[in-house]
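Below is one structure; the comments refer to it alone.
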Amino acid sequence: MTVPTVSAPAGRPSAPAPGTNDARPTEPAAAYTRAALLTRLTGSATGRWFATLGPASIWVPLLLTLLAGLLRFWNLDHPDKLLFDETYYVKDGWSMLHYGYEREWPKEIDAKFADGLATPSAGPEYVVHPPLGKWLIAWGMAIFGTDHGLGWRAASAAFGTLTVLVTTLVAQRLFRSVALAALAGLFMAVDGQQVVLSRVSILDIFLGFFVMLSFYLVLVDRDSGRRRLAEAIAANAEANGGVPSPAFMERGPRLGWRPWRLVLGVSLGALCSIKWSGVAFVAIFCLLMVWWDCQARRSAGIRRWLSAGILRDGIPAFFYTIPTALVTYVSTWTGWFLHSSAYGHGATKDVTGFFALIPESLRDLWRYHSTAYTFHNGLTSPHPAASNPWTWLFAGRPVLIQYDTAEKHGVPCAPGGDCIQVMTDLPNPLLWWAGTAALLVVLWAFLGRRDWRALGILSGVLAGYIPWLFFPLRTGFIFYTTGYQPFTVLAVVYALGLIAGRRSDPPRRRRTGVIIVLAFSALVVLVSWWFWPVWTGGTITPFEYRLRLWLPSWG
């Protein structure tokens, strides 16, 4: 098992004194060979570390994705009725599939909708979330049908499955280890919140997917940029007798075309078109990307690494990523632009002065966003499943999505028996609590050891959790953590890697560490098996349900 080791920060090689043409470097020319630079910047003499992982780096993620798909698509049609906020998003998706925009639905029509007997009214619906998530739900219904649970939830199950795949690939890039990546994928595959949100058609599982895809692209760009930086410096060194010129090492090269940043912009734009909380990830991931560029220049020996990283990497990164994200975001509103009957059109038709020069549709869209932002900021309606962000760290209040009984809902049961079907988005408690504790380990690794992997993990938690603390009175739910939950899983894997030890550790130390890791992983799977009935709406008795209420607030 390869564990996340921490290398000492590379020192900056010295260079000839400025203005001295014949000065010789104090650092040997071997430090500027292509292999030496690639090793210092990427950890591999070829810069292609992925090839060292072997075929397992391909088939292990695929096997875990298959497992995740089986857990998410199995009996996905159950229960064959709208659950929780499916009453909004599924019907919005239906409207968009048939009309191109959200239409208003009559009240108390969920049962007829489930039977395929309901249609919306002609009036537009006012919605406060961007359209992409509902388009994804609509495409699932276009493939599997609109009158049963499989059709409504197919997109959620598919993207929940892909989230496991992307998280596994992220872990491989972070830890350079198939074994640790396998743990990350396994934990994501069997976690309760991930399973439940993949089996219910609401927006948050799509948010989690695009968060992890965006982070993966940040990691890919990091590796690509470091390879190009190493090759550019090595080329200059070769042209100058083995050591790069002092002027060149003042700020280093311009790396030019960075195509992964355009792809990242598309992913970030899609992320924000699921929910606006994605904006925090845009800011944090872009800052992280530039900081890693600055650190790469520092490790390579560039004197003005900070200013060069900001000017030569940061500013181009902005123009690569942010405009692409904005264009992607606006393009997801195409259905709204094409249908003048959609909500919000005509809201600014009486505007005069300078704003009248702006196309009316763009003015209307801006007004739409302004009113939606006001709604989100003022959302303080009480809800029995609502929870304060501070309680999310301990899974204090999961959302009870389904509670059906034999008497009221016809849950099948033996004659005279008492049966219920429950679905709650309770995460795997062992994994969740371990994730909260592991964040302290990762914070120590960042502050005390300057581990770039720890910074990457913390960045996801910072973007996905901290902003909610500024809105303690807003109505919130534990599934809002879906955006940063994979990073807590990565934190657990990071800590387990430290427990497992290094290859160079004594055999007894290694053996003990691996046993602890395997025992913890087996216990996580066992806990998931125990809670499986209340994640999937299985038929159980009230007594069996109470056995799973480890905290009073879970009921």
Side-chain angles (χ1 to χ4, degrees), residues 1-4 44 48-76 136 139-140 143-144 150 153-199 205-206 208-221 223-224 260 263-264 267 270 428 431 453 456-457 460 482 485-487 489-490 492-494 496-497 500 514 517-518 521-522 524-525 528-529 532 535-536:
M1 179 178 290
T2 303
V3 299
S44 169
R48 305 288 177 179
W49 59 266
F50 189 82
T52 65
L53 299 181
S57 63
I58 298 176
W59 61 260
V60 166
L62 292 180
L63 284 178
L64 290 169
T65 304
L66 177 61
L67 171 64
L70 292 174
L71 296 178
R72 284 148 180 76
F73 278 94
W74 175 82
N75 201 24
L76 187 59
L136 296 176
W139 294 336
I143 296 172
F144 294 99
L150 175 61
R153 301 167 187 144
S156 295
F159 276 80
T161 301
L162 291 174
T163 302
V164 173
L165 172 62
V166 177
T167 302
T168 308
L169 297 177
V170 163
Q172 284 191 162
R173 283 193 174 267
L174 275 179
F175 305 130
R176 309 298 204 247
S177 166
V178 175
L180 293 185
L183 291 180
L186 175 65
F187 293 159
M188 287 289 289
V190 304
D191 175 72
Q193 181 165 264
Q194 290 293 318
V195 168
V196 171
L197 294 181
S198 298
R199 296 173 61 88
I205 199 66
F206 304 119
F209 167 78
F210 282 108
V211 166
M212 293 313 293
L213 178 62
S214 298
F215 186 62
Y216 179 74
L217 293 170
V218 171
L219 293 175
V220 173
D221 177 75
D223 289 340
S224 174
W260 288 112
V263 183
L264 173 63
S267 181
N428 182 303
L431 181 61
R453 288 160 289 202
I457 293 170
T482 311
Q485 184 187 3
F487 294 93
V489 170
L490 293 172
V492 171
V493 173
Y494 187 98
L496 291 177
V514 170
V517 170
L518 293 177
S521 303
V524 167
V525 174
S528 289
W529 168 81
W532 179 257
W535 292 341
T536 58

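Keep in mind that this is a model prediction, so the values were computed, not measured. Only this structure's heavy atoms are used, side chains among them; waters, hydrogens and symmetry mates stay out.
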Can you find a heavy atom in the side chain of [X] that is under 4.5 Å from one in the side chain of [Y]?
X	Y	value
V524	L186	no
T167	F187	no
R72	R153	no
M212	F487	yes
Q193	V196	no
L490	V170	yes
Y216	L165	no
S528	D191	no

Just how far is it from atom [atom1] of [X] to atom [atom2] of [Y], taken to the nearest 0.5 Å?
X	Y	atom1	atom2	value
T482	L197	OG1	CG	4.5 Å
N75	L150	CG	CG	10.5 Å
W535	L71	CH2	CG	9.5 Å
L64	W59	CG	CH2	9.0 Å
I457	Y494	CD1	OH	7.5 Å
L183	F175	CG	CZ	9.5 Å

Closest heavy-atom contact between [X] and [Y]?
X	Y	value
A189	L67	CB-CD2, 4.3 Å
T168	G185	OG1-CA, 3.2 Å
A154	F144	CB-CD1, 3.3 Å
A68	V164	CB-CG2, 3.6 Å
S267	S214	OG-OG, 2.7 Å
L53	S177	CD2-N, 4.2 Å

N428 side chain to V190 main-chain N or O, any donor-acceptor pair under 3.5 Å? no
**OP:** Kindly say whether W532 contributes a backbone atom to a donor-acceptor pair with the side chain of T536 at under 3.5 angstrom?
**Re:** yes
Side chain to side chain donor-acceptor pair (under 3.5 Å) filter on R199, not counting sequence neighbours, yields none
Q) Under the side chain to side chain contact (heavy atoms under 4.5 Å, CB included) criterion, do F206 and S156 qualify, and how do the steps go? A) CA-CA 7 Å; F206 304 119; S156 295; 3.8 Å; yes
